[in-house]
*Asks:* 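Below: one structure in structure tokens.
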Amino acid sequence: MKKCKVSSVIKYIILLILAFVYLVPVIMMLLGSVKDPAQALQFDLSWPKAFHFENYQYVIENGNILRGYLNSATITFSATALTIIFGAFAGIIISRRSDKTGTALYYYFIFGLTMTLQTASTFALLKVLNLYGSRFAVISIYIGMRMPFTIMSFSSFIKGIPREIDEAAMIDGCKPFGMITQVLMPILKPITVANIVITAISCWNDFMIPLFYLGSGKKWTVTLAVYNFFGMFSRNWNYVFAVLTLTVLPIVIMFLFLQKYIVSGMTAGAIKG
Amino acid sequence: MHSKSDKKRYPIYFVIPAFIFYSIFIILPFGISFIMSFTDWNIERMYIPIFRGFDNYIAIFRNSVFIRSIFNTLLFAVATTILKTLFGLLLALALVKVSRLNNILRTIYYIPCALSPMIIGVIFTSILANDGLLNNVLSTLGFSAVAVNWLASYGTAMSSVILIEGWMWSGFNMFIFIAGIQAISKDYYESADIEGAPAWAQFKSITMPLLIPSFTIIITLNITGSLKVFDLIYVLTKGGPGFDTQVLSTFVYKAFGLGLLGQSSAASIVLSALVVCISFVLNRYLTKREVEL
Amino acid sequence: MNSKMLKKVFTVVCIISLVGSLAGCGKATKTTTDTEKTSSTEAKSTVEDSSSETKKEVTVTALLQQSRNYPGLQKMIDKLKADENIIVDLQIVPDDQYNNLLQMQINSGEAPDLIDYNLPAIYGLIDPETYLADLSDEAWVENLVNPSIVTHKDGKVYGFPFQASSGVSGIVYNKQVFEDNDIAIPTTEEEFNAVCDTLLAKGITPLLLPSDNWVPQIWMSIGEGLAAGSVEKAREIADALLTHKKEFTDYPELIKVVDTYLGMFDKGYFNQDYLTVSYDACLERLAKGEGAMLFGSAGILSAVEGAFPDAKVSLFNPPFDYNTNDALVSGLFSIGFCASKNSPKLDTVKRIFDLWSTPEYMNMWFEGNAGFPSFPDVDGGDMNDDVVALYNEYSAEGKIVGEMNNYLNDIQPLYKTTLWVYYLDAPSKGITGEELLATFQKDVNEYMKEKQVEGF
């Protein structure tokens, strides 16, 4: 018993040290964001000589951060919501239908896991569809990109839920739509939340798609706002760190609120067939 | 009979929105690239490509940088998948019990994957610089002999990128493993305890076999994801020094930058083909093992 | 209970996002034609806000490289908004994505109204006759100090330059370090090497080189200009290369320039960490005297002086053997903007150029960024005396030549993607100048063939 305790103390010491190492880049960013330019340039973990919270004020005033937030939020929210809705419906149907169409669709969607962004072709396509430069284009690309993973996870999760539930719902007089939204979705809450987190993170952090397809600077997302602060001749790293912190802040906060659902959501994968 | 009620209960039109978005914005561009990979598509002649057969494919396979990219892509995919899977499993085993401290630690290990690649690039290039944080720490600890310019030579640059990818995504795998372990019925362990089986034996004969489905998911996701790696290489090494750490995605991007859209498309088709083949073989193998159990 | 709430949330989310995306869709399909409409409605609302405001609000889009986002330019844009009600909608793009994005937008007919680029380098990247507005008849063209810098082969002007020349280029050095160590400015290659050896012995890095791949190429672009020795000769070489009458390896002088650069590595004159250290860090080392010299243009002087007011830096002409004609390189290019030919706001863009050509605006650009202005009455800021003296001396003798890159415009997109990488990669792999240029020639041949240029 005693041996067990000692080993568990050692385990936690290792885990805590590891956690610190894990956080070093984040700590460096946070400290750097409140330093003066000279100290920020040293890229270390030293404590700020004085706290310059006005760095954030400067960045928000000069970097179009608020506009960026609004654009990012619009795009991320729409893309995530639609991805989850479309993906959940498709995933459930595909998994539940035991016919050839279901299987064929499943493989059709899974195929997408192997594909990378076709920058030029997508550009040409958006031009033809007259969608270039719109938020809708960016949202649509995200939805398409997220489909394979979302459908895969929903369809494997639903396999762990007995079909009897569906049948009971139908007998109670539910239409297919009602069955999915009222009966199945509540049960699927964990995988839904897990997917929301994963989708939102990937949309929020992406910068290639908005850069190439958004056109006007007025629509730019907060991730692109960082470029206001890079310059070949004047790099104010304290501002850069402040911008970086601001860009990740909303997504990290969202994650902290939703993370408790992730484990149960991921059980999906484990049950997978 | 069964399938008839199935069709009614699970109407196919619910799949239509997903199908449309995915087909138009992912499959269609891919189709365009596939066709264009056989033409002389150039940025200056965007709308008048001319068919030229396999010339683009021949050109890229003659290019030593491309061959090197294939090698690097495979190396990166295999190394990171092994690293992330093992490390994720270790973390999961250590943190599977629910407790306050464990919850905090889990969150910390997961946070890196919420950071954008751009941030990771900015921060890690400064940490790994010659006079960066890592070397400062090493020389303070008296290991200045091992302090090298990490991103300046192939070996250390590639290892750094692989380790950073591991840092980013092990936490994600940890969550999948934790979920998998929690799904294993406690009864197995109780009866093993009664039989007096040591912890290692329990792990080997209960946990591991029952975790195979989790492995399937993790390995599939990790392999497909890391074969397509772009962001991390792009922000950390830009494929350098020289073209040493170039991977397929960065090669695609480079050809695109020169306006050689046909060649760029051909390279991305090769990449997709590679991902399809590898994940197909792996999936075959892993699901076979699941069935055997 | 719980499921009911979830259902409600679910429905709300559904509705909001669908409406959101539909609205987005409606906007999207009309973006190109709609901009004017929205801007006019915006204008109306501003008119309501302030009755004194009389000018109609116009928005023009502009594509700008991250590194060109100078505070001075920002001030000019702010002034446009305050005085003229012209809003410049900037897309600030990372430098290494800029070419791709610009080409993509231009070739697909989505060009921004204003395009930032080096003039005349842009004429090699995109076809000016097809895509850029002809500005030859603008009033400011007559006042240009150096019209040749923006004049295309066809004699027309397609761009608005800020500078008359990017300035003298050569070796930027820390004066204090030279003085403290009793070092005179070297006038031959032998002397130059001796200076480096002295510095090495004192523990000072003789030559600084950052990992940014646009920096090492300056050695070659300047060096090849010097090796050519005159504008005529440089043009002749470029012409032969671009029509494939000759290849790079046919010119021993070009090979020698690369070999001279590579030789500096063998002698250990460069900083050890040149593969990872940033440009900013190198400027700091130069300013603090940890390093003594850096190849580049006079613009670096003002950058260093701006960031480190105590630093004493200056510039001298590289004394290498290949400079047989004793020439001086002055960059025959300028930072500037072009207007897109099919821009619906072309009149506004032309008005912007008109305004910018006045000292009232352009003085701002040169604040803290001293240089040679493109218009005579503009204050270019305090230029370094040595640089001015150097320029006057060589210009009197007619021995000024451009950087080689100026003349090799047509293969410009290859620089970033391959050539510059070779320069940075060659030293550690023991590649010689001739091998390097031979490898690059292959890239050139392939690229020009794809572009369907005659002779390849």
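Here the structure is a predicted model, which is why all the values come from computation and not from measurement.
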*Asks:* At a heavy-atom separation under 4.5 Å, does B:Leu133 approach chain A through its side chain, its backbone, both, or neither?
*Replies:*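 Contact with chain A involves both backbone and side-chain atoms of B:Leu133.
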*Asks:* Please state whether the side chain, the backbone, both or neither of A:Lys175 comes within less than 4.5 Å of a heavy atom of chain B.
*Replies:*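 A:Lys175 has no heavy atom closer than 4.5 Å to chain B.
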*Asks:* Under the side-chain contact (heavy atoms from CB on, under 4.5 Å) rule, collect the residues that match up with A:Phe20, sequence neighbours excluded.
*Replies:* A:Val24, A:Ile27, A:Leu45
*Asks:* For the pair A:Phe177 and B:Phe14, name the ring-plane relationship: parallel under 30°, tilted 30 to 60°, perpendicular over 60°.
*Replies:* perpendicular
*Asks:* Is it the backbone or the side chain of B:Leu115 that comes under 4.5 Å from a heavy atom of chain A, or both, or neither?
*Replies:*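 Both parts, backbone and side chain.
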*Asks:* Go through the atoms of B:Phe215 and report whether side chain, backbone, both or neither lie under 4.5 Å from a heavy atom of chain A.
*Replies:* neither
*Asks:* Going by atom types alone, do A:Gln118 and B:Ser268 pair a side-chain donor with an acceptor below 3.5 Å?
*Replies:* yes
*Asks:* On a heavy-atom basis, which atom in B:Pro29 and which in A:Thr122 lie closest, and how many Å separate them?
*Replies:* CB-OG1, 3.6 Å
*Asks:* Do you know which of A:Ile143, A:Thr247, A:Leu105, A:Ile93 has the most heavy-atom pairs with chain B at a distance under 4.5 angstrom?
*Replies:* A:Ile93
*Asks:* Which atoms of A:Leu256 are under 4.5 Å from chain B, going by heavy atoms: the side chain, the backbone, both sets, or neither?
*Replies:*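 For A:Leu256, the side chain is the part near chain B, not the backbone.
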*Asks:* Check A:Tyr22 against B:Gly166 and note the closest heavy-atom contact, atom names and distance.
*Replies:* OH-O, 4.1 Å
*Asks:* Go through the atoms of A:Met115 and report whether side chain, backbone, both or neither lie under 4.5 Å from a heavy atom of chain B.
*Replies:*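 Both backbone and side chain of A:Met115 come within 4.5 Å of chain B.
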*Asks:* Side chain from CB out, backbone as N, CA, C, O: work out which of these in B:Ile123 comes under 4.5 Å of a heavy atom of chain A, or both, or neither.
*Replies:* both
*Asks:* Between A:Met179 and chain B, which part of the residue has a heavy atom less than 4.5 Å away: side chain, backbone, both or neither?
*Replies:*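 Only the side chain of A:Met179 comes within 4.5 Å of chain B.
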*Asks:* Given a strict heavy-atom distance threshold of 4.5 Å, which part of B:Ile218 is in contact with chain A: side chain, backbone, both, or neither?
*Replies:* neither
*Asks:* In Å and rounded to the nearest 0.5 Å, what is the CG to OG distance from A:Leu113 to B:Ser272?
*Replies:*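 Answer rounded to 0.5 Å: 11.0 Å.
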*Asks:* Does a donor on one side chain sit under 3.5 Å from an acceptor on the other, for A:Asp99 and B:Tyr10?
*Replies:*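 No, B:Tyr10 and A:Asp99 have no side-chain donor paired with an acceptor closer than 3.5 Å.
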*Asks:* Is it the backbone or the side chain of A:Phe109 that comes under 4.5 Å from a heavy atom of chain B, or both, or neither?
*Replies:*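 Both backbone and side chain.
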*Asks:* Rounded to the nearest 0.5 Å, how far apart are CG of A:Leu18 and CG of B:Leu90?
*Replies:* 10.0 Å
*Asks:* Quick one: closest heavy-atom pair of A:Val252 and B:Ala114, and the distance?
*Replies:* CG2-CB, 4.5 Å
*Asks:* Measure A:Tyr12 against the heavy atoms of chain B and call it side chain, backbone, both or neither at under 4.5 Å.
*Replies:*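 For A:Tyr12, side-chain heavy atoms alone lie under 4.5 Å from chain B.
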*Asks:* Please classify the contact between B:Ser279 and chain A as side chain, backbone, both or neither, with a heavy-atom cut-off of under 4.5 Å.
*Replies:*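 Contact with chain A: side chain only.
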*Asks:* Could you tell me whether the side chain of B:Lys228 reaches within less than 4.5 Å of the side chain of A:Thr114, counting heavy atoms only?
*Replies:* no
*Asks:* Are B:Leu91 and A:Leu15 side-chain neighbours, meaning at least one heavy-atom pair lies under 4.5 Å?
*Replies:*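 Yes, side chains in contact.
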*Asks:* Should B:Pro17 and A:Phe89 count as side-chain neighbours, where that means a heavy-atom distance under 4.5 Å?
*Replies:* no
*Asks:* Which atoms of B:Ile12 are under 4.5 Å from chain A, going by heavy atoms: the side chain, the backbone, both sets, or neither?
*Replies:* both
*Asks:* Tell me, side chain or backbone of B:Phe30 under 4.5 Å from chain A's heavy atoms, or both, or neither?
*Replies:*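 Its backbone and side chain both get close to chain A.
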*Asks:* Can you tell me how far CZ of A:Phe111 sits from CD1 of B:Ile26, rounded to the nearest 0.5 angstrom?
*Replies:*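 CZ of A:Phe111 is found 11.5 Å from CD1 of B:Ile26.
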*Asks:* Under 4.5 Å from any heavy atom of chain A, what part of B:Phe230 do you find: side chain, backbone, both or neither?
*Replies:*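 The side chain, not the backbone.
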*Asks:* With a 3.5 Å cut-off and no angle check, do the side chains of A:Ser121 and B:Ser33 form a donor-acceptor pair?
*Replies:*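 Yes, a side-chain donor-acceptor pair sits under 3.5 Å.
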*Asks:* Given that the side chain runs from C-beta out, which part of B:Ile104 has a heavy atom under 4.5 Å from chain A: side chain, backbone, both or neither?
*Replies:*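 No part of B:Ile104 comes within 4.5 Å of chain A.
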*Asks:* Report yes if the distance between the aromatic ring centroids of A:Phe86 and B:Tyr22 is under 6.0 Å, otherwise no.
*Replies:* no
*Asks:* A:Thr101 versus chain B, heavy atoms under 4.5 Å apart: side chain, backbone, both or neither?
*Replies:* side chain
*Asks:* Report which part of B:Thr220 has an atom under 4.5 Å of a heavy atom belonging to chain A: side chain, backbone, both, or neither.
*Replies:* neither
*Asks:* Please lay out, stage by stage, how A:Thr119 and B:Tyr253 fare under the test side chain to side chain donor-acceptor pair (under 3.5 Å).
*Replies:* CA-CA 9 Å; A:Thr119 319; B:Tyr253 193 71; over 6 Å; no
*Asks:* Given heavy-atom pairs under 4.5 angstrom as the criterion, report whether the side chain, backbone, both or neither of B:Ile108 touches chain A.
*Replies:*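 For B:Ile108, backbone and side chain are both near chain A.
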*Asks:* For B:Asn102, which atoms come within 4.5 Å of any heavy atom of chain A: side chain, backbone, both, or neither?
*Replies:* side chain
*Asks:* Can you tell me which portion of B:Leu95 sits under 4.5 Å from chain A's heavy atoms? Options are side chain, backbone, both or neither.
*Replies:* side chain
*Asks:* Under a 4.5 Å heavy-atom cut-off, does chain B meet the side chain of A:Met28, its backbone, both or neither?
*Replies:* side chain
